[in-house]
Amino acid sequence: MSLAQTDKYYLPQPSLWPIIGSVALLLMAVGGTMTMNEIDKGGWVLLTGLAILFYMMFGWFGDVIRTSEAGRYNKQVDSSFRWSMSWFIFSEVMFFAAFFGALFYTRVLSVPWLADAETGSLLWEGFQATWPTAGPGLTQDGFEFTPMGAWGIPALNTLLLLSSGVTITWAHWGLKKNNRTQLILGLAMTVTLGVVFMGFQVYEYIHAYTEMGLTLGAGVYGSTFFMLTGFHGFHVMVGTIMLIVMLLRSIAGHFTAENHFAFEAVSWYWHFVDVVWVLLFIVVYWLI
């Protein structure tokens, strides 16, 4: 694959993929809401949205790959891709910053306010500002749950993701050295680590719901825990799909040592996912 030697900026034809992706996200949002409110068929709506999202990703990726391999992208297009991916990751940073901010506000400000002398005596007498907590309403009613500890599956998942950051970097070095075997092996290892991470997180959620009383209904701790870890898990899933695409392209002989921004973009995204998890492990699991 080489960049086109032309000054003409390539403009793709109008596409239905953004509309299909929007439909997928809408179904996922509706299905998730139905599932959380125990409305019949909510799970099926959610799974339908996920299936359409996967279809959109592979279809849209395929169109971009075919255009790239046809040599229609020049250096200006390559620069646009780099800026676009940079802004996309920045938007994801702001997305998670909002949830981390909500957790900080809850732990440091709102929970202590609810337990201070004036508010506690008027509204929630006897409520103690200790974290983790379900909040004054559920706490007063005797709601019990066990918080998720750090030194078990979360620590193992941290090791898995940090290792995946090493393997994808190793794969990148292989690509720069034109070592196709190292590239493919590194990507395969990264995909495997991502899949194992997701499997452990599913097990953790099942354990939390069935044995620990830790659910989305477990007050402010439960909601912040599942919002942060759940959205991160979704990003790991999306990143793993992108890694699989990169693996298949590498096996097919795509990319050169000079031109491989698609690989770099996925690598940036994966490192971002790794950093977010480290912050999650420290703030959500460890410092409880």
Side-chain angles (χ1 to χ4, degrees), residues 50 54 57-58 61 85-86 88-90 92-93 95-97 99-100 103 147-208 225-252 254-255 257 260-288:
L50 281 171
F54 294 157
M57 290 180 67
F58 278 100
F61 287 170
M85 193 64 190
S86 299
F88 171 69
I89 292 178
F90 176 75
E92 294 282 45
V93 170
F95 177 85
F96 278 100
F99 289 116
F100 278 111
L103 179 62
M148 187 65 68
W151 306 112
I153 289 179
L156 179 59
N157 271 345
T158 302
L159 178 62
L160 290 172
L161 275 192
L162 291 178
S163 299
S164 72
V166 174
T167 56
I168 196 172
T169 301
W170 185 64
H172 197 185
W173 288 344
L175 178 55
K176 288 184 174 181
K177 296 184 299 182
N178 284 317
N179 187 333
R180 185 70 52 172
T181 300
Q182 181 176 328
L183 167 64
I184 293 173
L185 182 58
L187 278 172
M189 292 168 64
T190 308
V191 168
T192 302
L193 290 168
V195 171
V196 173
F197 173 92
M198 289 187 290
F200 277 129
Q201 188 161 34
V202 169
Y203 175 81
E204 177 186 271
Y205 278 11
I206 294 173
H207 178 66
F225 173 82
F226 283 105
M227 287 294 285
L228 279 162
T229 61
F231 272 117
H232 177 267
F234 176 76
H235 282 72
V236 172
M237 180 186 69
V238 172
T240 302
I241 293 173
M242 293 192 291
L243 285 169
I244 292 172
V245 173
M246 294 303 104
L247 175 59
L248 295 176
R249 291 192 65 184
S250 298
I251 294 173
H254 295 187
F255 307 131
H260 54 263
F261 177 65
F263 178 93
E264 286 183 318
V266 175
S267 177
W268 293 357
Y269 184 86
W270 194 254
H271 287 305
F272 160 74
V273 169
D274 288 352
V275 171
V276 171
W277 176 259
V278 172
L279 293 174
L280 278 173
F281 177 74
I282 294 172
V283 176
V284 176
Y285 289 98
W286 192 357
L287 300 179
I288 58 173

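All heavy atoms count here, side chains included; hydrogens, waters and symmetry mates do not. Residue numbers count from 1 along this sequence.
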Donor-acceptor pairs under 3.5 Å, side chain of residues 175-191 to any protein atom, not counting sequence neighbours: which ones?
residue, atom, partner, partner atom, Å
Lys177, NZ, Gln182, OE1, 3.4
Asn179, OD1, Thr181, N, 3.3
Asn179, OD1, Gln182, N, 3.0
Arg180, NH1, Ser250, O, 3.2
Arg180, NH1, His254, O, 2.6
Arg180, NH2, His254, O, 3.3
Arg180, NH2, Phe255, O, 3.1
Gln182, NE2, Trp170, O, 2.7
Thr190, OG1, Thr167, OG1, 2.7
Thr190, OG1, Ile168, N, 3.3
Thr190, OG1, Gly186, O, 2.7

Check your understanding: Can you check side-chain contact (heavy atoms from CB on, under 4.5 Å) on Met148 and Val284, steps first, answer last?
Key -> CA-CA 9 Å; Met148 187 65 68; Val284 176; over 6 Å; no
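- With values rounded to the nearest 0.5 angstrom, Phe96 atom CZ is found 10.0 Å from Met227 atom CE.
- Within the model, atoms CG of Leu243 and OG of Ser267 stand 8.5 Å from one another, a figure rounded to the nearest 0.5 Å.
- Here Leu103 contributes atom CG and Phe100 contributes atom CZ; the two are 8.0 Å apart, rounded to the nearest 0.5 Å.
- Taking the six-membered ring where the residue is Trp, Phe95 and Phe99 present perpendicular rings, their angle passing 60° and hence far from 30°.
- Side-chain contact between Ser86 and Trp268 is present, with heavy atoms from C-beta onward closer than 4.5 Å.
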**Study point:** Residues Leu50, Met237; criterion side-chain contact (heavy atoms from CB on, under 4.5 Å); working and verdict
**Key:** CA-CA 11 Å; Leu50 281 171; Met237 180 186 69; 3.9 Å; yes
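- Residue Gly233 comes nearest to Gln201 through the heavy atom pair CA-OE1, 3.4 Å, listed as atom of the first residue, atom of the second, then distance.
- Smallest separation of non-hydrogen atoms from Ser164 and Asp274: OG-OD1, 3.7 Å.
- The minimum heavy-atom distance linking Phe226 with Ala208 is given by the pair CZ-CB, 4.3 Å.
- The two residues Ala262 and Arg249 come nearest to each other via the heavy atoms CB-NH1, 3.6 Å.
- Atoms CZ and CG, from Phe200 and Leu156 in turn, are 4.5 Å apart once rounded to the nearest 0.5 Å.
- Evaluation of the side-chain hydrogen bond (donor to acceptor under 3.5 Å, both in side chains) test over residues 227-247, restricted to residues two or more places apart or in two chains, returns Glu92-His235, Tyr205-Thr229.
- Here the side chains of Val278 and Leu162 are in contact, with some heavy-atom distance below 4.5 Å.
- Applying the side-chain hydrogen bond (donor to acceptor under 3.5 Å, both in side chains) definition to pairs two or more places apart or across chains, those involving residues 277-288 are Thr158-Trp277, Glu204-Tyr285.
- Taken to the nearest 0.5 Å, the CZ atom of Phe61 stands 12.0 Å off from the CG atom of Leu248.
- With rounding to the nearest 0.5 angstrom, the CG atom of Leu161 is 4.5 Å from the CZ atom of Phe197.
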